[in-house]
Amino acid sequence: MDAATPITTTPVATPIAPDRARSLARWNRALSGLHGIQFLAMLAVASTATVFAPYVPTVRIKLVDGAFAGVEQTQVQLFSMPLAWFIASFLAMSAIAHFSAGWPLRQRYEAWLARGMNPLRWVEYAFSSTVMIVAIAYISFIRDVPALVAIAASNVAMILFGWSMEAANEGRRDHPDWKNFIFGCIAGIAPWIGIVSILLAYGAQPDLPAGSSIPAFVYVIVATLFVSFNVFAITMVLQYRRIGRWRDYLVGEKTYMVMSLVAKSALAWQVFSGTLRPGG
């Protein structure tokens with residue numbers, strides 16, 4: 001080997017202490033139960049009258065006396081399902097992920113944490129948080145499929161950049177490379193720009209009929225979830241800046257767990273109180 005050739009080594013992960021591993025297992029099992037109970041409760045008590053029914057905008061040919069007379073805008077409903085089922089689904093996703101970390105994937109999960117990463121978290125968030133942001137967009141009157149697909153794709157990209165941030169900085173948390181974090185923030189802000197612009201545009205219409213304003217609960221949901229989503233980014237900054245208790249990666253892991261429960265519970269029950277109450 002040439003003396004000038006740098007020698008690279010793979011960092012050796014230090015196993016998690018047994019007491020902390022048991023604590024994490026208890027947390028995951030408890031959170032699996034809390035999410036699962038909320039999933040069942042939502043299905044049991046929520047009204048199915050309100051539907052999630054995105055549409056595809058298209059055009060239709062106009063004929064006058066059998067002759068072509070241009071095209072007109074129209075739309076085709078892609079599918080329809082109770083909004084309650086859509087909302088409940090992200091609670092089910094989290095329940096399954098925490099169940100996996102607490103039981104069948106426990107050893108692999110703990111090995112990942114020992115290396116300062118958790119791919120299971122990012123896989124779950126790629127599904128559950130994407131359903132959440134699409135739900136927020138839908139109740140904010142973004143209901144065409146192309147826009148919802150773009151919002152979903154931007155959110156998935158943000159989550160996967162979180163995964164790549166951890167993978168790229170394995171063993172180098174003292175000198176992290178922030179490119180993946182920055183790219184994730186760029187991808188993650190796009191859905192919120194779209195949602196806020198729709199709300200602002202609706203309110204800016206002149207001569208809106210009385211009583212036709214956007215319900216207050218929609219603004220509360222958007223604000224609550226925007227703050228919640230950003231706490232995840234702040235947690236990653238605290239971890240990689242090694243600030244306070246977040247120098248310990250496992251403190252960040254539990255922060256993610258708590259914030260995931262808070263964000264999902266807040267969205268589910270705020271939507272329930274606004275649109276899914278039986279008879280509401």
Side-chain angles (χ1 to χ4, degrees), residues 10-41 88-132 158-174 176 180-181 184 227-268:
T10 301
V12 178
T14 302
I16 298 173
D19 59 330
R20 302 197 73 185
R22 287 191 295 270
S23 174
L24 284 165
R26 289 193 297 269
W27 272 62
N28 277 294
R29 293 168 184 176
L31 287 171
S32 177
L34 290 172
H35 284 102
I37 289 169
Q38 291 187 87
F39 164 69
L40 295 174
S89 69
F90 59 72
L91 295 168
M93 293 172 190
S94 288
I96 292 169
H98 285 295
F99 176 88
S100 300
W103 277 287
L105 297 182
R106 179 180 170 183
Q107 289 186 340
R108 183 172 297 183
Y109 167 73
E110 291 171 1
W112 281 328
L113 295 183
R115 294 166 54 190
M117 60 196 309
N118 181 8
L120 181 60
R121 179 203 308 130
W122 302 115
V123 170
E124 186 249 306
Y125 287 177
F127 287 96
S128 63
S129 74
T130 298
V131 173
M132 293 170 72
M158 175 189 70
I159 297 301
L160 296 183
F161 274 122
W163 183 351
S164 63
M165 174 70 178
E166 289 194 334
N169 288 291
E170 182 181 352
R172 51 174 295 176
R173 288 179 64 210
D174 287 330
N180 289 290
F181 179 86
V227 171
S228 297
F229 272 44
N230 278 279
V231 168
F232 290 90
I234 292 169
T235 297
M236 179 167 275
V237 171
L238 292 172
Q239 285 182 309
Y240 283 92
R241 289 292 186 190
R242 302 178 70 81
I243 295 173
R245 297 175 63 240
W246 285 270
R247 293 176 63 87
D248 183 343
Y249 182 80
L250 299 185
V251 171
E253 173 67 5
K254 288 188 174 180
T255 304
Y256 284 123
M257 289 184 183
V258 171
M259 288 310 305
S260 177
L261 176 65
V262 169
K264 292 178 174 70
S265 301
L267 176 57

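- Partner of S94 under the side chain to side chain contact (heavy atoms under 4.5 Å, CB included) criterion, out of Q38, M257, E124: E124 alone.
- A 6.0 Å sphere centred on CZ of F127 holds no more than 12 heavy atoms belonging to other residues, nucleotides or ligands.
- Among all heavy-atom pairs drawn from K264 and F90, the shortest one is O-CE1, 3.5 Å.
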List, one per line, each side-chain donor-acceptor pair under 3.5 Å for residues 99-106, sequence neighbours excluded.
{"unit_1": "S100", "atom_1": "OG", "unit_2": "I96", "atom_2": "O", "d": "2.9"}
{"unit_1": "R106", "atom_1": "NE", "unit_2": "E110", "atom_2": "OE2", "d": "2.7"}

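- Partners of R173 under the salt bridge (charged side-chain N to carboxylate O under 4.0 Å, His left out) rule, at least two apart in sequence or in another chain, do not exist in this structure.
- Between the side chain of T255 and the main chain of V251, a donor-acceptor pair closer than 3.5 Å is present.
- Contact annotation: the side chain of W163 never approaches that of N180 to less than 4.5 Å [non-hydrogen atoms, C-beta and beyond].
- Between Y109 and N28, the side chains place a donor N or O and an acceptor N or O closer than 3.5 Å (distance only, hydrogens not considered).
- A side-chain donor from one of W122 and E166 sits under 3.5 Å from a side-chain acceptor of the other.
- No more than 12 heavy-atom neighbours from other residues, nucleotides or ligands sit within 6.0 angstrom of CZ on R108.
- Proximity of the aromatic rings of F232 and Y125 is defined here by a centroid distance below 6.0 angstrom, and this criterion is met.
- Every residue two or more places apart in sequence or in another chain was checked for a salt bridge (charged side-chain N to carboxylate O under 4.0 Å, His left out) with D19, and none qualifies.
- What you find for N118 and Y249 is that their closest heavy atoms are N-OH, 3.5 Å.
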